[in-house]
Visitor: 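Dropping a structure here in structure tokens format, bear with me for questions.
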Amino acid sequence: MLTYKIDNEIYLSLPRPEIDSTALFKLINDSRNELMPWLPWVLKIKSIADERETLKRNAQSLDTVSSLNLVIWYKNEIVGSISLKNWDKKNNKKIEIGYWLGTEFTGKGIIHRSLKGVCDLAFNKFEVHKIEIYVASDNHASNQIPKNAGFYLDAKLRDHALLFGRFHDENLWSLLKHEWRNQ
């Protein structure tokens with residue numbers, strides 16, 4: 001299993017669809033009420049088989065080098081996922097980060113530390129210039145993640161995300177490579 005160590009409690013790994021789908025599905029299912037307002041894909045994950053197929057599809061995106069989906073492990077337990085996606089490698093050298101965490105694991109600094117680790121990976125291994133994070137403006141908890149990690153609020157994008165038949169404003173957070181070095 002390919003892993004990326006964040007600290008003594010947290011590491012990231014490429015998902016293993018046949019092995020990790022059960023734990024990820026349970027985590028999604030147990031956190032469904034908290035995840036669903038912000039992540040429409042949660043509705044599509046109705047079974048372990050659905051999660052397994054999603055993991056397999058995500059693994060195929062590694063071939064195109066446009067995204068990298070990683071499982072977050074905390075104290076040797078799967079607790080969520082973080083991804084690098086929409087990599088604009090040739091033109092603007094920027095990438096987006098998305099993340100989610102099982103409800104029972106919030107408030108422990110796991111996403112904050114995972115985000116810092118993924119930023120290090122993106123800036124130093126993938127040599128991106130800019131990292132962006134889009135968060136629904138009314139998702140207050142998720143907006144604290146980039147804010148506390150030193151990202152800048154670049155814009156509030158009006159009616160930018162359609163979530164369950166209702167448009168939401170989204171905040172665009174960003175961090176530049178030279179700003180990362182100064183943290």
Visitor: If you look at every heavy atom in Leu163 and Ala136, which pair is closest and at what distance?
Guide: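 Nearest pair, atom of Leu163 first, then Ala136: CD1-CB, 4.5 Å.
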Visitor: Would you name the heavy atoms of Leu24 and Gly80 that are closest together and state the gap between them?
Guide: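 It is CD2-O, 4.2 Å.
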Visitor: Measuring from Ile28:CD1 to Lys46:NZ, what's the distance to the nearest 0.5 Å?
Guide: 13.5 Å
Visitor: For Asn8, I'd like to know if atom CG has over 12 heavy atoms of other residues, nucleotides or ligands within 6.0 Å.
Guide: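 No, not enclosed.
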Visitor: Any chance you could pull the hydrophobic cluster mates of Leu162, using side-chain heavy atoms under 4.5 angstrom and chaining through other members?
Guide: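 Besides Leu162, the cluster holds Phe167.
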Visitor: Does some side-chain heavy atom of Asp138 sit less than 4.5 Å from a side-chain heavy atom of Pro37?
Guide: no
Visitor: Say you draw a straight line from CG of Leu101 to CD1 of Ile111; how long is it, rounded to the nearest 0.5 Å?
Guide: 4.5 Å
Visitor: For Cys119 versus Leu175, what's the shortest heavy-atom pair and its separation?
Guide: SG-CD2, 4.5 Å
Visitor: Using side chain to side chain contact (heavy atoms under 4.5 Å, CB included) as the criterion, point out the one residue from Asp20, Leu68, Asn69 that pairs with Leu14.
Guide: Leu68
Visitor: Can you find a pair of side-chain heavy atoms, one from Tyr4 and one from Leu70, that are under 4.5 Å apart?
Guide: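 No - every pair of side-chain heavy atoms lies 4.5 Å or more apart.
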Visitor: Strictly below 4.0 Å, N to O, side chains only: are Glu9 and Lys108 in salt-bridge contact?
Guide: no
Visitor: Apply the hydrophobic cluster definition, ILVMFWY joined by side-chain contacts under 4.5 Å directly or through others, and give me every member besides Leu157.
Guide: Tyr134, Leu172
Visitor: Would Lys56 and Glu18 count as a salt bridge (charged side-chain N to carboxylate O under 4.0 Å, His left out) here? Give the steps.
Guide: CA-CA 9 Å; Lys56 287 179 181 178; Glu18 299 300 328; 3.2 Å; yes
Visitor: For the atom pair CD1 (Ile78) and CD1 (Ile19), what is the distance rounded to the nearest 0.5 Å?
Guide: 9.5 Å
Visitor: Side chain of Lys177, backbone of Phe123: donor and acceptor closer than 3.5 Å?
Guide: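 Yes.
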Visitor: Between Arg32 and Phe25, which heavy-atom pair has the shortest distance, and what is it?
Guide: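 Heavy atoms only, the tightest pair is NH2-CE1, 3.9 Å.
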Visitor: Less than 3.5 Å apart, which donor and acceptor atoms pair up between the side chains of residues 147-156 and the rest of the protein, not counting sequence neighbours?
Guide:
| from | atom 1 | to | atom 2 | distance (Å) |
| --- | --- | --- | --- | --- |
| Asn148 | ND2 | Gln144 | O | 3.2 |
| Asp154 | OD1 | Ser174 | OG | 3.2 |
| Asp154 | OD2 | Ser174 | OG | 2.5 |

Visitor: Could you give the distance from CD1 (Ile145) to OG (Ser114), rounded to the nearest 0.5 Å?
Guide: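 These two atoms lie 9.5 Å from each other.
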Visitor: Which one of Arg57, Glu51, Arg52 satisfies the side chain to side chain donor-acceptor pair (under 3.5 Å) criterion with Thr54?
Guide: Arg57
Visitor: How close do Ile95 and Ala122 get, counting heavy atoms only, and between which atoms?
Guide: CG2-CB, 4.3 Å
Visitor: How long is the straight-line distance from CG of Leu55 back to CD of Glu53, given to the nearest 0.5 Å?
Guide: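 Rounded to the nearest 0.5 Å, the CD-CG separation comes out at 9.5 Å.
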Visitor: Do Leu176 and Leu84 belong together in a cluster built from hydrophobic side chains that touch within less than 4.5 Å?
Guide: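 Cluster IDs for Leu176 and Leu84 differ.
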Visitor: State plainly whether the residues Glu132 and Lys85 are in salt-bridge range, i.e. N to O under 4.0 Å.
Guide: no
Visitor: So does Thr103 get a backbone contact from the side chain of Ser31, meaning a donor-acceptor N/O pair under 3.5 Å?
Guide: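 Flag set: sc Ser31 to bb Thr103 pair under 3.5 Å.
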Visitor: Atom CD1 of Ile133 and atom CD of Glu96: how far apart are they, to the nearest 0.5 Å?
Guide: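 Those atoms lie 9.5 Å apart.
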Visitor: How would you list, by chain and number, every residue that makes a salt bridge (charged side-chain N to carboxylate O under 4.0 Å, His left out) with Asp50, sequence neighbours excluded?
Guide: none
Visitor: Under a 3.5 Å distance rule, please check whether Tyr99 uses its side chain to pair with a backbone N or O of Ser142 as donor and acceptor.
Guide: yes
Visitor: May I ask you to decide if His168's main-chain N or O and Asp159's side chain share a donor-acceptor pair within less than 3.5 Å?
Guide: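 Absent.
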Visitor: Do Trp180 and Asp120 come close enough that some side-chain heavy atom pair is under 4.5 Å?
Guide: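 Yes. Closest side-chain heavy atoms under 4.5 Å.
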Visitor: Identify which one of Ile10, Ile72, Val118 satisfies the side chain to side chain contact (heavy atoms under 4.5 Å, CB included) criterion when paired with Arg113.
Guide: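 Option passing the side chain to side chain contact (heavy atoms under 4.5 Å, CB included) with Arg113: Ile10.
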Visitor: Looking at residues at least two apart in the chain, or sitting in another chain, which of them share a side chain to side chain donor-acceptor pair (under 3.5 Å) with Trp173?
Guide: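 If we apply the side chain to side chain donor-acceptor pair (under 3.5 Å) test to Trp173, skipping adjacent residues, the hits are Asn143.
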Visitor: Tell me, do His129 and Asn92 make a side-chain contact under 4.5 Å, heavy atoms counted?
Guide: no
Visitor: Going by the rule ring pair (Phe, Tyr, Trp, His ring centres under 6.0 Å), which residues pair with Phe126 if we only count those two or more places apart in sequence or in a different chain?
Guide: Trp87
